[in-house]
Amino acid sequence: MPELPEVETVVRTLRPTITGAKIAAIQLNRTDIVTPANTNLTPLLTGKTITSIDRRAKRIVITLDDCNRFYIHLGMSGRLTLDQVTHPTKLHTHFIIELENTTTQIRFNDPRRFGGVFWLGTDSAEKDLGPEPLTLKPAHLAKQLQHTRRPIKAALLDQTIIAGIGNIYADEALFLAKIHPLTPANKLKPIQISALNRAIKQTLRQAINFKGSTLRDYVNADNSPGGYRTKHKVYDRAGDPCTRCRTPIKRIVLTARSTCFCPDCQKR
DNA sequence: GTCCATGTTCTTTA
DNA sequence: CTAAAGAACATGGA
C-alpha cells in the first residue's frame, strides 16, 4: 500500500488533532504486531502526552513527552485512522490509542499484518534507512546508486538506498525521467541521475497534493481515499496507450513485482 | 480452486 | 566474503 505520499498524507491529517493530546488508554488486540516482541506498551503509553508526529520514509513516528518514541508502519494493507469512539470497530483493528478530552481515537487496522507497531524508546527511527527523496541532491543520489548493478527499479525499491519510494512511484518516476526500469543503476549517466532526482521529487510532491493513491486498502486518517490513482501514467496501465506517445504500456515482472513502463519513451 | 496485490526481512544462490 | 535473487509472511478480492 502506502508509500511516502500516503504516509505523509496520514501524518499531516493526524498532526493537528493528536499533537499535545494525552493518551488516556490503549487497546492492543494482537500482541504479535508489536516489535520488539513482548514489549508491554500499556505502561509505556498510558498517561503520556504526544509531543509530535512525523514521517520518516514510510514510518509514522510518534514522540512522547518523556522523549520515548515509537513508529507505526502500514505495511501493505495498514490504515491509521481517527475515528469517533462511537463508530463501530472494523475487523482487523489491532491497536487503538484512546485520547483524553476528545470523542475520537486513533485506530490501527491491518488485515494482512505486514505492518505493525515498533517501539523505539530513545532510539532514532533511522535504522536501515537511506536518504529522504524530497530533499535529496543529485550528487547524493549518484553516490547511492554507483555501487549497485541491479536494475534501477530494484534500487529505487531498496529502502537502504533511498527511503520512501514503493512500486507505484518507482514506476511513475522512471517514466517521467524516461529511464528504462532494467537499466543497471551504476550505468546511469549524470544527466539521467539529475532527471531521475527531479522526477522523483515531482512525482512524490504531486501525489502528496492529491493525498496519495488508493488501489484497494489505503485511506487517509479521515477514511477518505487518495486521488492520485487516475493521474498514474504507467502504473497499472499495462496495454493502455502511453499518455505521451500512444504506444501501449508494457508490464514486466522484476524482482517479483509488476513493473509498468512505456517501451518507446523509456528505451534502454 | 487460481492468481495477484501499495512492503519488508530472512534465506538461498551465484 | 558480498551482492542479488528468491521465498516467506497473511488476507481478501477478482
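Sequence lines set the chain letters: A, B, ... in the order given, protein chains first and strands last, and positions in each chain run from 1.
Judged as a side-chain hydrogen bond (donor to acceptor under 3.5 Å, both in side chains), and not counting sequence neighbours, A/Arg251 has no contacts. Scanning for side-chain hydrogen bond (donor to acceptor under 3.5 Å, both in side chains) contacts around A/Lys267 gives A/Asp264, with sequence neighbours left out. By the side-chain hydrogen bond (donor to acceptor under 3.5 Å, both in side chains) test, A/Gln105 is found to be paired with A/Arg107, residues two or more places apart in sequence or in another chain being considered.
Taking every heavy atom of residues 248-259 of chain A and every atom of DNA chain B, pairs under 4.0 Å involve A/Arg251, A/Arg257, A/Ser258, by number. Only A/Thr148, A/Arg149, A/Arg150, listed by number, bring a heavy atom of residues 146-157 of chain A to less than 4.0 angstrom from any atom of DNA chain C.
Taking Ile, Leu, Val, Met, Phe, Trp and Tyr as hydrophobic and joining them when side-chain heavy atoms fall under 4.5 Å apart, one finds A/Val253 isolated, its cluster having no other members. Summarising the hydrophobic clusters (Ile, Leu, Val, Met, Phe, Trp, Tyr; side-chain heavy atoms under 4.5 Å, direct or chained), the residues clustered with A/Leu254 are A/Leu182, A/Ile252, A/Phe261. As a member of the Ile/Leu/Val/Met/Phe/Trp/Tyr network built from side-chain separations under 4.5 Å, A/Tyr71 groups with A/Val61, A/Phe118, A/Leu120. As a member of the Ile/Leu/Val/Met/Phe/Trp/Tyr network built from side-chain separations under 4.5 Å, A/Phe175 groups with A/Val234, A/Ile249.
Shown are A/Arg55, A/Arg205, A/Lys58, A/Lys211; of these, the side-chain contact (heavy atoms from CB on, under 4.5 Å) with A/Glu8 is made only by A/Arg55.
Sorted by first and then second residue, the ring-ring contact (aromatic ring centres under 6.0 Å, His included) pairs with a member in residues 8-46 of chain A form an empty list; sequence neighbours excluded.
Across all strands, A/Tyr169 comes closer than 4.0 Å to no nucleic acid atom at all (heavy-atom distances).
Paired runs in DNA chain C that reach 3 or more consecutive Watson-Crick or G-U pairs, where each pair keeps both distances under 3.5 Å, cover B:2-5 with C:11-14, B:7-14 with C:2-9.
Between A/Gln159 and B/dG7 there is no side-chain polar atom (N or O) within less than 4.0 angstrom of OP1 or OP2.
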Can you give one letter per nucleotide of nucleotides 8-14 of chain C, 5' to 3': B if a protein heavy atom sits under 4.0 Å from the base, S if only from the sugar-phosphate, - if neither?
-BBBBS-
